[in-house]
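Read the structure below first, then the notes.
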Amino acid sequence: MLFRSNNLGVIKAKMHQQAYTNSLGMPFVPVGGTSVMFCVWPTRAQDYVLFCAETKRQWTSTNFKQEPNHPAVNVTWHDASEFCQWLTAKERASQIIGPNDTYRLPSDVEWSTAVGLGAEPGSCPQERDGKNQDKFPWGTQWPPPKGAGNYDPQLNVDNFTNTSPVGSFAANDQGLFDLGGNVWEWVHDNYAPKDTNRTLRGGSWCTSLRKQMLSSARLFDSPGHRINFIGFRCALDVRRPSPLLSTAGKADATAPQQPQVTAVVAKTF
């Protein structure tokens with residue numbers, strides 16, 4: 001049996017035992033130690049532009065060129081959450097996902113599990129921030145080796161000046177790309193219990209400080225702020241009954257590869 005459920009009906013995912021690609025071509029894999037599936041990379045410009053078109057919203061342009069397979073940036077926490085709500089409603093209506101399946105931002109704890117930290121001390125992101133001083137998304141080496149991810153050009157570990165195509169660097173053992181570098185990713189949690197700021201994980205194309213490149217690093221920002229080094233990644237809660245369970249074991253367990261995209265995203269959406 002590939003999955004088991006707890007008494008809440010949440011499907012307990014096991015790493016690489018099922019893969020799912022949604023209607024936008026976003027690949028999801030189960031993350032061992034959590035009850036959710038993660039998109040293997042940050043939400044791409046080509047995914048987000050469809051949301052903007054259908055919801056008739058403006059998307060702030062970047063001051064550098066992006067291709068469709070680059071991560072969407074200039075996205076607020078509210079924008080990211082509304083994208084998840086839109087995608088949930090869209091796929092529920094088409095019966096692609098089940099009536100109880102939900103796209104959402106991952107929690108801070110889920111993100112830590114995905115990046116390989118395991119349990120961390122502290123009851124909120126603020127208390128967990130930087131507590132593990134040894135682990136980076138690529139391992140324990142410092143300075144970061146060539147190919148560690150898309151970070152600030154001064155580190156000389158990659159060939160990108162700004163954002164890069166998602167999946168340009170090696171996946172981790174969960175089959176997830178870009179958990180270090182490219183864009184800081186919004187997660188669901190407030191940074192502290194009485195704080196309205198939301199939490200960001202992972203570093204970006206302009207990150208160079210060791211403390212911000214740690215797997216345990218957190219930033220916080222206003223949920224309404226948008227800037228060109230912040231994006232987001234979707235998680236998917238799968239709950240019975242769900243059509244996603246009927247194909248368990250039939251999907252290729254290999255992490256999906258980067259699709260070929262030839263169209264160019266305009267600077268203004």
Which is it for M26 and C234 under the side-chain contact (heavy atoms from CB on, under 4.5 Å) test, yes or no, and what are the steps along the way?
CA-CA 9 Å; M26 299 167 63; C234 293; 3.9 Å; yes

Output the distance between atom CG (N172) and atom CD (Q174), rounded to the nearest 0.5 Å.
6.0 Å

Is there side-chain contact between N182 and F229, with heavy atoms separated by less than 4.5 Å?
no

Run the side-chain contact (heavy atoms from CB on, under 4.5 Å) test on V40 and D178 for me, step by step, so that the C-alpha distance in whole Å, both residues' side-chain angles and the decisive distance to 0.1 Å come before the verdict.
CA-CA 8 Å; V40 302; D178 293 336; over 6 Å; no

Backbone N or O of R240 within a donor-acceptor pair of the N100 side chain at under 3.5 Å?
yes

Report yes or no: do H70 and T163 form a side-chain donor-acceptor pair below 3.5 Å?
yes

Scanning both residues in full, the closest heavy-atom pair of R233 with F38 reads CD-CD2, 3.7 Å

Candidate pair Y191 and D129, rule side-chain contact (heavy atoms from CB on, under 4.5 Å), full reasoning
CA-CA 9 Å; Y191 184 65; D129 185 6; 2.9 Å; yes

Can you measure from CG (L117) to NZ (K131) and round to the nearest 0.5 angstrom?
13.0 Å

Give a yes or no on whether the backbone of D108 and the side-chain of D189 come within a donor-acceptor separation of less than 3.5 Å.
yes

Name every donor-acceptor pair, under 3.5 Å, that has one atom in a side chain of residues 135-147 and the other anywhere in the protein, sequence neighbours excluded.
residue, atom, partner, partner atom, Å
W138, NE1, Q141, O, 2.9
K146, NZ, N156, O, 2.9
K146, NZ, N156, OD1, 3.4

Is it true that the side chains of N190 and N197 contain a donor and an acceptor less than 3.5 Å apart?
no

Do the ring centers of W77 and F220 come within less than 6.0 Å of each other?
no

Between S168 and P165, is there a donor-acceptor pair closer than 3.5 Å when you use the side chain of the first and the backbone of the second?
yes

Anything under 30° is parallel, anything over 60° is perpendicular, the rest tilted; go ahead and classify F83 against F232.
perpendicular

Least distance between heavy atoms, L24 atom then D47 atom
O-OD1, 3.6 Å

Minimal heavy-atom distance between A80 and W186, with the atoms involved, is CB-CD1, 4.4 Å

Under 3.5 Å, is there a donor-acceptor pair between the side chain of T88 and the main chain of C84?
yes

Applying a strict under-4.5 Å side-chain criterion to I, L, V, M, F, W and Y, I'd like to know whether L236 and W86 cluster together.
yes

Value for CD1 (I227) from OG1 (T62), rounded to nearest 0.5 Å, stands at 12.5 Å

Below 4.0 angstrom, N of the basic side chain to O of the carboxylate: do R226 and D79 qualify?
yes

Do the side chains of I230 and S204 get nearer than 4.5 Å, heavy atoms only?
no

Check this for me: N159, atom CG, are more than 12 non-hydrogen atoms of other residues, nucleotides or ligands nearer than 6.0 Å?
no

Check the side chains of R201 and S112 for a donor-acceptor pair under 3.5 angstrom, ignoring hydrogens and angles.
yes

Those residues that, when tested against I96, pass side chain to side chain contact (heavy atoms under 4.5 Å, CB included) (two or more places apart):
Y20, S23, E91, S94

Using salt bridge (charged side-chain N to carboxylate O under 4.0 Å, His left out) as the criterion, list what pairs up with E82, not counting sequence neighbours.
R57

Looking at Y103 versus F28, is the centre-to-centre ring distance below 6.0 Å?
yes

Residue pair V31 / T34: nearest heavy atoms and the distance that separates them
O-OG1, 2.9 Å

Are V29 and V187 connected in the hydrophobic side-chain network, where two residues link if heavy atoms are under 4.5 Å apart?
yes

Taking atom CD of Q95 as the centre, does the number of heavy atoms from other residues, nucleotides or ligands within less than 6.0 Å exceed 12?
no

Examine F64 and Y151 and state if one hydrophobic cluster contains both, with Ile, Leu, Val, Met, Phe, Trp and Tyr joined whenever side-chain heavy atoms are less than 4.5 Å apart.
no

Say you draw a straight line from CG of D195 to SG of C124; how long is it, rounded to the nearest 0.5 Å?
9.0 Å

Test side-chain contact (heavy atoms from CB on, under 4.5 Å) on W184 and L219; report intermediate values, then the result.
CA-CA 8 Å; W184 284 98; L219 288 187; 3.3 Å; yes

Distance (rounded to the nearest 0.5 Å) between E127 CD and R218 CZ
11.0 Å

Are Y48 and W59 close enough that their ring centers fall under 6.0 Å?
yes

One should read off an interatomic distance between S35 OG and D237 CG, to the nearest 0.5 angstrom, of 7.5 Å

Any side-chain heavy-atom pair of R210 and Q133 under 4.5 Å
yes

Thinking salt bridges, do D101 and R92 make one under a 4.0 Å N-O criterion?
no

Return yes if some donor-acceptor pair links the side-chain N/O of Q66 with the main-chain N/O of P71 below 3.5 Å, else return no.
yes

Applying the 4.5 Å side-chain criterion to the ILVMFWY set and letting contacts propagate, would L155 and W205 be lumped into a single cluster?
no

If you measure only the distance, is there a donor-acceptor pair under 3.5 Å linking the side chains of S216 and N132?
no

Looking only at heavy atoms, the pair that brings N74 and T60 closest together is ND2-O, 3.3 Å

R104 bridged to E110 by N-O distance under 4.0 Å:
yes

Find out if a path of hydrophobic residues (ILVMFWY) with successive side-chain heavy-atom gaps under 4.5 Å connects L176 to V115.
yes

Taking all heavy atoms of V73 and all of V183, pick out the closest pair and write down the distance.
CG1-CG1, 3.5 Å

